[in-house]
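Shown next, in structure tokens, is the structure this report addresses.
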Amino acid sequence: MFGIGGGELVFIMFVALMLFGSDKIPDIARTMGKAMAQLKNATNDIKSEIQRGAESNDIDIKSLTGDFTSEIDKVKQGFNKMITDNTSDSLGTKSITDDITSEINKVKENLDDLTGPIKRQL
């Protein structure tokens, strides 16, 4: 649950008890529960409004999400192919690393060219 372990949860509850006291904790929990319910209802309203708008415009949301997912998969496959095709070292990433390093160096040189006159004025 949110990356919080049992010990951390007990500690948070202990701190909350010390800060607010035992008489205020149920009111705080009740208020937080109502807020979460309102948030859930608002989210469901937004989802249903989007679905109604898509249906009124004859848009199939499931096909759109499927198309989007397939495009992401194509990009991932292309990236994986680019890495596996590049076999200049045991991991196949040396050339890519060299390309990235050279691009970073180009940007640094351009930055030095741009900031050179500023440094001279100082």
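Side chains included, hydrogens not; waters and symmetry mates left out as well; all remaining heavy atoms used.
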Quiz item: Of Leu17, Leu9, Val10, which meets side chain to side chain contact (heavy atoms under 4.5 Å, CB included) against Met13?
Solution: Leu9
Practice problem: Write down the atom of Gly53, the atom of Ser56, and the distance for their closest heavy-atom approach. | Solution: O-OG, 2.9 Å
Quiz item: Any link between Ile28 and Met36 through a network of hydrophobic side chains (Ile, Leu, Val, Met, Phe, Trp, Tyr) touching at under 4.5 Å?
Solution: no
Quiz item: Do Ile12 and Leu19 sit in the same hydrophobic cluster, where Ile, Leu, Val, Met, Phe, Trp and Tyr count as joined when their side-chain heavy atoms come under 4.5 Å apart?
Solution: no
Exercise. Decide, yes or no, whether a salt bridge links Asp27 with Lys24 under the criterion of side-chain N to carboxylate O below 4.0 Å.
Key: no
Quiz item: Out of curiosity, Ile50 CD1 to Ile46 CD1, how far, rounded to the nearest 0.5 Å?
Solution: 7.0 Å
Quiz prompt | Cationic N near anionic O, under 4.0 Å, Arg52 to Glu49 | solution = yes
